[in-house]
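To start, the structure itself, in C-alpha cells.
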Amino acid sequence: MNDFTFYSPTEFRFGRTATDDMGAALSAAGFKRSLVVYGQGSVQRSGVLDQVKESLIGAGIDLIELGGVRPNPDVSIVREGIELVREQGLDSVVAVGGGSVIDAAKAIAFGVYYEGDVWDIFAKGLPITRALPIATLVTIPAAGSEASASCVISNDEEGRKVGVGGDAFRPRFAFMNPEHTFSLPPYQTAAGVTDMFAHICERYFSGLGTVTVTDGIATSLMRTLIEHGPRVMQDPEDYEARANIMWVGMLAHNDIAGCGRALKSGGRAGGWESHGLEHEVSAHFVEVTHGAGLAVIMPNWMRYVWPADPDRFLSYARDVFGIEPVDDTPDAIRDAIEVAIDETQEFFMSLGMPSSLSEFGIGEGDIETLIGTLEKTKGARFGAFRPLDMDDSREIYRMSLVPHEPNVWETEEEHEA
C-alpha cells in the first residue's frame, strides 16, 4: 500500500428526509446569496427545483438562477455563471441535478477567482486553490461529483473535453434523496451505473498490485452495482436498490476506492485511460452520454491491456464475477480473463447500453479526429496500468467500432469454467 492523503470535507444528508432542512443547513453554514445551477428541465418538471428554492428562500437565502446546463456542459455556461456571481455579489453556489450540473457549478465556484478566461484553468492545468462554497442536491447518481475533487468541462469551439482536480472545490454539502431518482429514464439510469463502475475500475487497475482493504471496498461496490442495477431497471421505484446505487456513486468517486493506490501521496489512483479515450468521443459527439461511451470503451481497453498484468485481471475475474481458470495454463488463464471482460460488457448491455461506437454513427474516418484532440489533452503517452501511445489508442478506438456478440453458454458448468 502506497502513502496517501484522504480528504472528504462534504457533509452528507441521505435518505427520504435529506432535503427537508436544506435551507436551514445552508443558512447555518453561511450561505446568504446563492447561485442555483440546474439543467434543462427535469428538476423543474419533477418539482425538485421548487422544493429547493422554497427551502432556501424560507431560510432567508437570496437566489439567482442559472438553468439550461446540458450533458457534457460547454464552457460558455460556466462563463455566464461567473458573470452572474460577480455582478450580483453572490457568495455560494447550489447545484441541483447530476454530474454535468455539479461540474458546471464547481467551475463557476473556482472560476470566479481567476482573472482570465476560466478555460485557461482547464487548457493549461492551472492550480486551483480557492472556490466559493458549494452545495449539491443529486438527482442523477452517476458521476459522484457531489463529493469528488474532479470537474470536467467541454469546449465546443475547440472540440475538447478536459478535467481538472482540486480539493478546494469539493462540495461543502451533498443532499441525497433516492426518491428524487425514481423518474429517471432507464437509459440515464443505466449510463449512471456504468459510469460508477468505470470510476471504480479506473482505480482498481491503477498499475499497482494488491491493496487488500481498498480492493475489498472496490470489488464490493462493483458487485453491488451488478446486483442492484437490474433491479432498478425492472422497478424504477425500488427504494433500496436506488439508495444503494446512489451511495455507490458517491463512494466510487470520492477516492476511498483508491486509497493506497496512487503513485504519490495526495495523488489520484489510476491512469484514467478509459475516461481519457471516452472524453474525446463525447467532446466531438456531444449527443453521446458519457456512461454510454464508457460502456463501449472500457471493455475494449481491458481486452487490449490485460496481458500487461494477468494476475490483476484474474483477481478481478474472481472477486467480481466468481470466475476461476480451470487450471494454471496460459490458455486457461486467458480464457478466464476474457470471460470476465465479456461479462463486464454484457452487464452494461443488459442495462441497455451500446456495445460499439458505430451505434452512434462513429466510423473509421472519425478516429483521427479523436486522436488529434486526445494527444493535445493527454500528451503522446498516457496511463498507468499499461501506458498508451497514440497507436495504442487508435487500435482501442478501432476495436470499439465492432459490436460485441454476447456469449451463449451451453451449461452452467461451462459458464463457470
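Note that these values count all heavy atoms, side chains included, but never hydrogens, waters or copies made by symmetry.
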Between [Y] and [X], is there a salt bridge with N-O shorter than 4.0 Å?
X: Asp389; Y: Lys378; value: no
X: Arg381; Y: Asp392; value: no
X: Arg394; Y: Glu368; value: yes
X: Asp238; Y: Arg231; value: yes
X: Arg16; Y: Glu179; value: yes
X: Asp255; Y: Arg203; value: yes
X: Arg398; Y: Glu364; value: yes
X: Arg242; Y: Glu240; value: no

Could you verify whether a donor N or O on one side chain and an acceptor N or O on the other, from Ser76 and Glu80, lie under 3.5 Å apart?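 Judged by distance alone, the side chains do not pair up.
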Check whether any side-chain heavy atom of [X] sits under 4.5 Å from a side-chain heavy atom of [Y], and report yes or no.
X: Phe173; Y: Thr10; answer: no
X: Asn254; Y: Ser8; answer: yes
X: Leu66; Y: Val36; answer: no
X: Thr224; Y: Trp247; answer: no
X: Trp119; Y: Lys124; answer: no
X: Glu273; Y: Glu202; answer: yes

Using ring-ring contact (aromatic ring centres under 6.0 Å, His included), reason through Phe197 and Tyr204 one step at a time and then give a plain yes or no. CA-CA 10 Å; Phe197 201 98; Tyr204 186 86; 9.9 Å; no
Does [X] [atom1] have over 12 foreign heavy atoms under 6.0 Å away?
X: Arg223; atom1: CZ; result: yes
X: Tyr7; atom1: OH; result: no
X: Glu54; atom1: CD; result: no

Restricting to side chain to side chain donor-acceptor pair (under 3.5 Å), what partner residues turn up for [X], sequence neighbours left out?
X: Asp366; answer: none
X: Thr139; answer: none
X: Ser154; answer: none

Plane angle bin for Phe110 and Phe122 - parallel if under 30°, tilted between 30 and 60°, otherwise perpendicular: tilted
So His199 and His290, would you call those rings parallel, tilted or perpendicular, with 30° and 60° as cut-offs? tilted
To check you understand the geometry: which heavy-atom pair defines the closest contact between Pro73 and Ile153, and what is its length? O-CG2, 3.6 Å
Which heavy-atom pair separates Pro9 from Arg170 by the least distance, and what is that distance?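 In terms of heavy atoms, the two residues are closest at CD-CD, 3.5 Å.
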Pair Tyr316 and Phe205, ring centroids less than 6.0 Å apart: yes
Residue of the set Asp342, Ile341, Ile226 for which side chain to side chain contact (heavy atoms under 4.5 Å, CB included) holds with Phe321: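 Answer to the side chain to side chain contact (heavy atoms under 4.5 Å, CB included) test with Phe321 among Asp342, Ile341, Ile226: Ile226.
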Checking Lys161, Glu158, Arg160 against Thr377 for side chain to side chain donor-acceptor pair (under 3.5 Å), the one that qualifies is Arg160
Carefully, step by step, assess Asp215 and Arg312 under the rule salt bridge (Lys or Arg N to Asp or Glu O under 4.0 Å). CA-CA 11 Å; Asp215 291 352; Arg312 191 65 186 156; 2.9 Å; yes
